[in-house]
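Here is the structure we will look at.
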Amino acid sequence: MRDTHTEAATRLARGTPLTSAIDTSDASAWTGLDLAVRQLARTRPSAMPDHAWATGRRFHWLWDAPLPTLNLSRRSRREPDGPGLALALCHPDGRIREAALRRAALLPAPVLRPLLPLVVIRSADWAEAVRDVARDLLRSALPASGPETVAVLAPVVLRVAARRHGEAARALLEAALREGPAPVLDTVLDRDDRATRRLAHRIAVERRHFSPERFARAATDPDVVIQDICADGAVAGVGPDTGDEVLAPLLRSPRSRVRAAGVTALRRAGRPERAEAFLADRSGLVRACARYVLRQYGIEAAPLYRALCAGGSVPPAAPLGLAECGARDDAALLWGLTDHPHPGVRAHAVAGLRTLDATDWARLVPLLDDPAPGVVRETVTALVPWTDRLPRAEMSARLGTEHPRHVRVGAFRLLVAHGGPELREVAWTLIDDAEPKLRADSRALLRN
């Protein structure tokens, strides 16, 4: 527990108004206060004022006395922010927590509002009697709460929802966002809390709260989960009459899942011809979606890939795309691209050969000296199943410092995959190597 929570509990015990004692916009401040008050009451009872904690003087009489007889107006005027009642809502004694909740239920809405985050916490209380009262109070208070109140409560609810009895509060919050007025959802959508914004955007999609154009623009959100949610919301509204104001933001997104959603939407928009441009996308997911859209319109992707790979300007991912939907006979075309001047084409050609299970280890070994790290990585991955046939002497020779880093790292990976008693001797020669990865990997190997 942070010292700031203990300090907040102490300030509250000294009569500081609740809204001044803690940062009410911080969900962790509320849960921290709850723990701090109980800890302080147990370990330092003298730090608590007698008027707040003396048994039988203030809150035990709330338990015993008939609530309708309390002079609510006088006490409400004296405690507009309810510091004493806030302390009681966090008390270690469940009877006092329950009595404080019953007292809070009789407060006017403006006086109760600052205490609602503590009511949320009590709705997941370990004591069933406390939980029931808190949930009843929350059930009646949430629908009548304004946008700012719900925005403050939402992060607290989602923190409490992770507890054993916390799902009830989450269900009430979701109901308030689904059924409440639009301004409430608008305010929660703009909260800084990530979990709150994700929930609000999911409900916004369910409610069709925005137009498809607005969802498409929101798919550029910095949070990748919200990007996916908003992309789905935009796609749900796509139809034959949908314009580029919806499709364009999705199709040019740097996020592969959002691009994939945009490409998939081309089927509903009746524009399969635009999917061809994504057959060679750098993302396998987007390529698969492009092939799906074309297939729905009776267009086979393999001939299009073959044309791309045989053309003068080969898109880097086209060879791998061909392997994903082509036949084993296409390996001849891919072998021809392993010496293409573009390193991306070479790397994807090797990856495509591995996808087609058409690797020839003897023809791949020279690619271990390729100047492009990506090509060497793909070559090493393709050669790992064939390490028992690789010439060990050639692999060991590539560990020399005259070779580039990526060549040395790839050779060591193949030697490790091969194993054998000579491997420890090789590792001993690299434990003080200038290359950090070789040094770390060889030391880890020797330790194990």
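Values in this document were obtained by computation on a predicted structure and should not be read as measured data.
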Under 3.5 Å donor-acceptor pairs involving side-chain atoms of residues 161-168, not counting sequence neighbours:
| residue | atom | partner | partner atom | Å |
| --- | --- | --- | --- | --- |
| His165 | NE2 | Arg131 | NH1 | 3.4 |

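- Qualifying side chain to side chain donor-acceptor pair (under 3.5 Å) partners for Arg282, counting only residues two or more places apart in sequence or in other chains: none.
- With sequence neighbours excluded, the residues that form a side-chain contact (heavy atoms from CB on, under 4.5 Å) with Ala127 are Arg97, Asp125, Val130.
- Nearest heavy atoms, Pro143 versus Leu138: CD-O, 4.3 Å.
- Legend: residues meeting side-chain contact (heavy atoms from CB on, under 4.5 Å) with Leu423, ordered by chain and number and at least two apart, are Leu415, Val416, Leu445.
- Under the side chain to side chain donor-acceptor pair (under 3.5 Å) criterion, Glu148 pairs with no residue, sequence neighbours left out.
- Listed for the Arg11 side chain is no donor-acceptor partner under 3.5 Å among the backbone atoms of Thr16.
- For the side chain to side chain donor-acceptor pair (under 3.5 Å) test, no residue two or more places apart in sequence or in another chain qualifies with Asp190.
- Here the closest non-hydrogen pair linking His406 and Asp370 is NE2-O, 2.9 Å.
- At most 12 heavy atoms of other shown residues, nucleotides or ligands fall within 6.0 angstrom of atom CZ in Arg208.
- Not counting sequence neighbours, Phe412 has no partner by the ring pair (Phe, Tyr, Trp, His ring centres under 6.0 Å) test.
- Atom CZ of Arg198 has more than 12 neighbouring heavy atoms from other residues, nucleotides or ligands inside a 6.0 Å radius.
- In this structure, the side-chain contact (heavy atoms from CB on, under 4.5 Å) partners of Thr355, at least two apart in sequence or on a different chain, are Leu320, Ala323.
- In this structure Arg408 satisfies the salt bridge (charged side-chain N to carboxylate O under 4.0 Å, His left out) test together with Asp433, sequence neighbours excluded.
- Shown here are the side-chain contact (heavy atoms from CB on, under 4.5 Å) partners of Ala318, two or more places apart in sequence or in another chain: Ala280, Leu308, Cys309, Val314, Pro315.
- The backbone N or O of Ala169 sits nowhere less than 3.5 Å from a side-chain atom of Arg135 that would complete a donor-acceptor pair.
- Among residue pairs with one or both ends in residues 237-251, those qualifying as side-chain hydrogen bond (donor to acceptor under 3.5 Å, both in side chains) are Asp244-Arg271, Asp244-Arg274; sequence neighbours excluded.
- Tyr297 pairs by the side chain to side chain donor-acceptor pair (under 3.5 Å) definition with nothing, not counting sequence neighbours.
- By the 6.0 Å contact criterion, CZ on Arg194 is open, its count of non-hydrogen atoms from other residues, nucleotides or ligands being 12 or less.
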